[in-house]
Student: 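The structure is given below, and queries will be raised subsequently.
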Amino acid sequence: MDVNVILGFISIVVTLLCAYLGALLHRKTERIKIMEGQLSEKRYSAYAKLYDFFYEMFKNTEGDRNVNNKDMRNKLLDAKKELIMYGTDEVVFALNNYLSSLTDASTYKQLDSFLDVMLLIRKDMCGKTKINRDAILLNIMQDKKELQKFKDMELTNSEQ
């Protein structure tokens with residue numbers, strides 16, 4: 001056999017192999033993008049459930065409504081289940097700190113831990129954000145005087 005025929009055959013095989021590997025790599029890359037998109041959607045869904053839980057809790061406490069503790073506990077468990085599966089480590093740890101603060105911490109510490117959770121979720125969903133703790137509190141409280149009371153409580157606690 002002629003050397004040119006062998007080289008031509010080798011170049012065809014190498015070209016076909018490169019095309020196959022390129023297509024395989026492209027397919028795997030697309031699969032990874034799809035999986036990342038699905039994970040992102042699930043994470044946002046978990047965060048939305050947690051936000052929904054918190055805001056429903058606020059609505060119930062503002063109107064002095066009778067709260068079905070079992071129903072609220074189930075909603076929290078559903079949100080925690082999805083959060084442990086899809087949320088970031090930072091958000092899971094912050095939620096754990098918040099829930100732990102409910103049993104033995106001051107109201108300030110509880111609110112501070114809650115704001116950590118809300119801010120970490122916001123940063124995970126939006127990346128860099130201009131929303132800060134005060135903006136979240138003002139959104140919840142809807143009153144700048146109440147926000148100032150919290151800041152005063154924060155100063156009092158930091159001095160102790």
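All values below were derived from every heavy atom in this structure, side-chain atoms included, with hydrogens, water molecules and symmetry-related copies excluded. Here the structure is a predicted model, which means the values were calculated and not measured.
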Student: Sub-3.5 Å donor-acceptor pair from the side chain of Ser45 to the main-chain atoms of Glu41, do we have one?
Tutor: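 Between the backbone of Glu41 and the side chain of Ser45 there is no qualifying donor-acceptor contact (under 3.5 Å).
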
Student: Can you find a pair of side-chain heavy atoms, one from Ile6 and one from Ile10, that are under 4.5 Å apart?
Tutor: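 Yes. Closest side-chain heavy atoms under 4.5 Å.
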
Student: Quick one: are Leu83 and Val91 in side-chain contact, heavy atoms under 4.5 Å?
Tutor: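 Leu83 reaches Val91 side chain to side chain.
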
Student: Tell me the side chain to side chain donor-acceptor pair (under 3.5 Å) pairs involving residues 11-24, sequence neighbours left out?
Tutor: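 Listed by first then second residue: nothing to list.
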
Student: Using a strict 4.0 Å threshold on nitrogen-to-oxygen distance, state whether Lys149 and Glu146 make a salt bridge.
Tutor: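 Counted as a salt bridge, because a side-chain N and a carboxylate O are separated by less than 4.0 Å.
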
Student: Side-chain contact, heavy-atom cut-off 4.5 Å: Leu120 with Thr88?
Tutor: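 No, side chains not in contact.
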
Student: Is there a side-chain contact between Leu95 and Val92 (heavy atoms, below 4.5 Å)?
Tutor: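 Leu95 vs Val92: side chains apart.
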
Student: For Leu111 and Leu137, what are the C-alpha separation, side-chain angles and deciding distance, and is it a side chain to side chain contact (heavy atoms under 4.5 Å, CB included)?
Tutor: CA-CA 9 Å; Leu111 194 53; Leu137 267 178; 3.8 Å; yes

Student: Less than 4.5 Å apart, any side-chain heavy atom of Met72 and any of Leu76?
Tutor: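 Side-chain contact under 4.5 Å: no.
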
Student: Answer yes or no: is there a side-chain heavy-atom contact under 4.5 Å between Asn132 and Ile136?
Tutor: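 Answer no - side chains too far apart.
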
Student: With sequence neighbours left out, write down each residue that passes side chain to side chain contact (heavy atoms under 4.5 Å, CB included) with Thr29, or none if nothing qualifies.
Tutor: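 Result, side chain to side chain contact (heavy atoms under 4.5 Å, CB included) vs Thr29: Leu25, Lys33.
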
Student: So which pairs with a foot in residues 111-131 pass ring-ring contact (aromatic ring centres under 6.0 Å, His included), sequence neighbours left out?
Tutor: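 For residues 111-131: Phe54-Phe114, Phe58-Phe114, Tyr98-Phe114.
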
Student: Which distance, rounded to the nearest 0.5 Å, do you find between the CD1 of Ile131 and the CZ of Arg122?
Tutor: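 So the CD1 of Ile131 and the CZ of Arg122 are separated by 4.5 Å.
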
Student: Under the salt bridge (charged side-chain N to carboxylate O under 4.0 Å, His left out) rule, collect the residues that match up with Lys75, sequence neighbours excluded.
Tutor: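 Here the qualifying residues are Glu56, Asp71.
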
Student: State whether a side-chain donor-acceptor pair under 3.5 Å links Asp52 with Tyr47.
Tutor: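 Result is no, nothing qualifies.
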
Student: Set out, in order, the CA-CA distance, both residues' side-chain angles and the distance that settles salt bridge (charged side-chain N to carboxylate O under 4.0 Å, His left out) for Asp78 and Lys49, then state yes or no.
Tutor: CA-CA 8 Å; Asp78 287 342; Lys49 280 186 178 183; 5.5 Å; no

Student: Looking at Met125, is its backbone amide N or carbonyl O close enough to the side chain of Tyr44 to form a donor-acceptor pair, meaning the two atoms are under 3.5 Å apart?
Tutor: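 Indeed, once roles are kept as given, a pair shorter than 3.5 Å links the two residues.
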
Student: Do other residues, nucleotides or ligands put more than 12 heavy atoms under 6.0 Å from Phe9 CZ?
Tutor: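 For Phe9, atom CZ is not crowded (no more than 12 foreign heavy atoms under 6.0 Å).
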
Student: Between the main-chain N or O of Gly87 and the side-chain N or O of Arg43, is there a donor-acceptor pair closer than 3.5 Å?
Tutor: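 Here the side-chain-to-backbone pair does not exist.
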
Student: Does the Ser40 side chain pair with the main chain of Glu36, one donor and one acceptor, at a distance under 3.5 Å?
Tutor: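 Not at all, since once roles are kept as given, no pair shorter than 3.5 Å links the two residues.
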
Student: Who clusters with Ile12? Use side-chain heavy atoms, under 4.5 angstrom, across I, L, V, M, F, W and Y, and order the result by chain and number.
Tutor: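 Members other than Ile12 - counting any ILVMFWY side chain reachable under 4.5 Å - are Leu16.
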
Student: How many angstroms lie between atom CG of Leu99 and atom NZ of Lys80, to the nearest 0.5 angstrom?
Tutor: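 Answer for the CG-NZ pair, Leu99 versus Lys80, is 5.5 Å.
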
Student: With sequence neighbours excluded, what pairs up with Glu90 under the salt bridge (charged side-chain N to carboxylate O under 4.0 Å, His left out) test?
Tutor: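 Checked Glu90 against salt bridge (charged side-chain N to carboxylate O under 4.0 Å, His left out); zero matches.
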
